[in-house]
Amino acid sequence: QVQVQESGGGLVQAGGSLRLSCTISGLNFGDRAMGWWRQAPGPGNERERISCISWSGGMISSIDSVKGRFITSRDNSKNTIYLQMNDLKPEDTAMYFCAADPISALYCSDSGEFHWGQGTLVTVSS
């Protein structure tokens, strides 16, 4: 049984920083690419993947809106990935999730069955 646990969210002022953690058990953590996702509040907002890190951490990709501000990393010995968020903006307000890619170790295929946790809420005030 796959279990996903995100933590580290909270309320922060614009320009501040937070570090999110995500621990996943029940699968071969070191064999999977991992992604951070977020879903902004309000109807019609879909969950979007904001970063992806390969199994070794050697390849990392991020969406343009967080490049230069968010840093994704992982520690396979702890089955944990991290999202260091700097220079936070009000538009970063969202529920943040992590997930193991269902099929790939190198990239985020976004295909197959995902296992989701409860997420961790990040609120950035202006």
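What you see is a predicted model, and the numbers here were worked out from it, not measured in a lab.
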State plainly whether one hydrophobic cluster holds both Val122 and Trp37, where clusters connect Ile, Leu, Val, Met, Phe, Trp and Tyr through side-chain heavy atoms under 4.5 angstrom apart.
-> no
Hydrophobic cluster of Ile103, others only, ordered by chain and residue number, side-chain cut-off 4.5 Å | none
Kindly say whether Asn45 contributes a backbone atom to a donor-acceptor pair with the side chain of Gln39 at under 3.5 angstrom?
-> yes
Do Met85 and Tyr96 touch side chain to side chain, with heavy atoms closer than 4.5 Å?
-> yes
Where do Trp116 and Arg47 land on the side chain to side chain contact (heavy atoms under 4.5 Å, CB included) test, with the steps shown first?
-> CA-CA 12 Å; Trp116 300 104; Arg47 194 172 298 187; 3.0 Å; yes
Flag the pair Leu88 / Phe70 as yes when at least one side-chain heavy-atom distance between them is below 4.5 Å, and no otherwise.
-> yes
Check Arg74 against Arg32 and note the closest heavy-atom contact, atom names and distance.
-> NH1-O, 2.8 Å
Thr23 side chain to Asn79 side chain, donor-acceptor N/O pair below 3.5 angstrom = no
Check whether any side-chain N or O of Thr123 sits under 3.5 Å from a backbone N or O of Leu11 as a donor-acceptor pair, and report yes or no.
-> no
One should read off an interatomic distance between Arg49 CZ and Arg38 CZ, to the nearest 0.5 angstrom, of 13.0 Å
When rounded to the nearest 0.5 Å, the distance separating CE of Met34 from CH2 of Trp55 is 12.5 Å
In terms of hydrophobic clusters joined by side-chain contacts under 4.5 Å, are Val124 and Leu121 together?
-> no
Just checking, is any N or O donor in the side chain of Ser51 or Ser62 under 3.5 Å from an acceptor N or O on the other one?
-> no
Go through the steps for Glu113 and His115 under the test side chain to side chain contact (heavy atoms under 4.5 Å, CB included), then give the verdict.
-> CA-CA 7 Å; Glu113 180 183 5; His115 299 279; 3.9 Å; yes
Could you state whether Met95 and Val4 fall into the same hydrophobic cluster, counting links through intermediate Ile, Leu, Val, Met, Phe, Trp or Tyr residues with side-chain heavy atoms under 4.5 angstrom apart?
-> no
Would you give the length of the straight line joining atom OG of Ser104 to atom CG of Asp31, rounded to the nearest 0.5 angstrom?
-> 11.0 Å
Exercise: identify the closest heavy-atom pair between Pro41 and Ala94 = CD-CA, 4.2 Å
Is there a side-chain contact between Gln84 and Ser17 (heavy atoms, below 4.5 Å)?
-> yes
Would you mind telling me which of Leu18, Ile71, Ile50 makes a side-chain contact (heavy atoms from CB on, under 4.5 Å) with Leu83?
-> Ile50
Flag for Asp75-Thr80: side-chain donor and acceptor within less than 3.5 Å | no
Point-to-point distance, once rounded to the nearest 0.5 Å, from SG of Cys22 to CH2 of Trp36 = 5.0 Å
Roughly how far, to the nearest 0.5 Å, is the CD1 atom of Ile81 from the CD atom of Glu6?
-> 8.5 Å
Cluster link Leu27 to Phe97, ILVMFWY, side chain under 4.5 Å | no
Separation of Cys52 SG from Ile63 CD1 (nearest 0.5 Å) | 12.5 Å
Might you point out which heavy atoms bring Asp101 and Tyr107 nearest each other, and give the distance in Å?
-> CG-O, 3.8 Å
What closest approach, in Å, do Asp87 and Arg69 show between heavy atoms, and which atom pair accounts for it?
-> O-NH1, 2.9 Å
Kindly check if the number of other-residue, nucleotide or ligand heavy atoms within 6.0 Å of CD (Glu91) is above 12?
-> yes
Ser54 and Leu106: which non-hydrogen atoms are nearest, and at how many Å?
-> CB-O, 3.3 Å
Dump the intermediate steps for salt bridge (Lys or Arg N to Asp or Glu O under 4.0 Å) on Asp64 and Lys67, then the final yes or no.
-> CA-CA 5 Å; Asp64 288 346; Lys67 281 182 180 177; 3.3 Å; yes
Considering all heavy atoms of both residues, which atom of Ile24 and which atom of Ala100 are nearest to each other, and what is their separation?
-> CD1-N, 3.9 Å
